[in-house]
Amino acid sequence: QEATQVKIPPQAKRISVGSRDAALYLSFTGSEGVAPNGTDCAFIVANNYLSMEIPHQINEFFVSTIEDTTTTIILILE
């Protein structure tokens, strides 16, 4: 459940994050390789996704699985 850092390209205006198999945390604060603490995170249920406009002056986010599992995480940067 260690977080993976995702850099957002400057031209991106929207992100979509999801997974078919696992529930996820998404956060704009955190560190690569550190498990999220469950606060300041968006919860994304399995077999679903979260799509949102990127908040002003944000250039990265962190995503991790809720449970200690390996899964494919789908990211769309528009």
Side-chain angles (χ1 to χ4, degrees):
Q1 113 181 13
E2 296 178 348
T4 299
Q5 180 183 32
V6 179
K7 295 285 189 175
I8 303 171
Q11 63 272 29
K13 303 292 184 223
R14 174 173 288 280
I15 59 172
S16 298
V17 180
S19 174
R20 180 178 295 176
D21 305 318
L24 306 174
Y25 280 132
L26 178 137
S27 179
F28 293 105
T29 61
S31 298
E32 174 83 20
V34 176
N37 61 13
T39 61
D40 193 29
C41 296
F43 175 73
I44 307 168
V45 298
N47 202 27
N48 209 337
Y49 72 97
L50 172 72
S51 183
M52 64 183 291
E53 288 186 24
I54 299 168
H56 185 63
Q57 296 185 355
I58 296 292
N59 60 5
E60 66 185 9
F61 63 93
F62 300 87
V63 64
S64 68
T65 59
I66 301 294
E67 298 178 8
D68 193 18
T69 61
T70 301
T71 191
T72 300
I73 297 173
I74 299 168
L75 305 172
I76 301 171
L77 304 171
E78 300 176 65

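Keep in mind the model is a prediction, meaning the values are calculated, not measured. Values below: all heavy atoms of this structure, side chains included; hydrogens, waters and symmetry mates excluded.
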With a 4.5 Å cut-off on side-chain heavy-atom distances among I, L, V, M, F, W and Y, is there a chain of contacts connecting [X] to [Y]?
X: Leu75; Y: Ile58; answer: yes
X: Val17; Y: Met52; answer: yes
X: Ile54; Y: Leu50; answer: yes
X: Val6; Y: Ile15; answer: yes
X: Leu77; Y: Ile44; answer: yes

[X] side chain near [Y] side chain, heavy-atom distance below 4.5 Å:
X: Phe62; Y: Ser64; value: no
X: Val45; Y: Asn47; value: no
X: Glu78; Y: Ser16; value: yes

What's the separation between atom NZ in Lys7 and atom CZ in Phe61, rounded to the nearest 0.5 Å?
12.0 Å
Which distance, rounded to the nearest 0.5 Å, do you find between the CG of Asp68 and the OG1 of Thr70?
7.5 Å
Flag, side chain of Glu2 to backbone of Ala35, donor-acceptor distance under 3.5 Å:
no
Can you tell me if Ser19 uses its side chain to pair, donor with acceptor, with the backbone of Thr72 under 3.5 Å?
yes
Without placing hydrogens or testing angles, list every side-chain donor-acceptor pair under 3.5 Å for residues 21-30, not counting sequence neighbours.
unit_1: Ser27; atom_1: OG; unit_2: Thr29; atom_2: N; d: 3.1
unit_1: Ser27; atom_1: OG; unit_2: Thr29; atom_2: O; d: 2.8
unit_1: Ser27; atom_1: OG; unit_2: Thr29; atom_2: OG1; d: 3.3
unit_1: Ser27; atom_1: OG; unit_2: Asp40; atom_2: O; d: 2.9
unit_1: Thr29; atom_1: OG1; unit_2: Asp40; atom_2: OD2; d: 2.6

More than 12 heavy atoms from other groups under 6.0 Å of CZ on Arg20
no
Tell me whether the count of non-hydrogen atoms from other residues, nucleotides or ligands lying under 6.0 Å of CD in Gln11 goes above 12.
yes
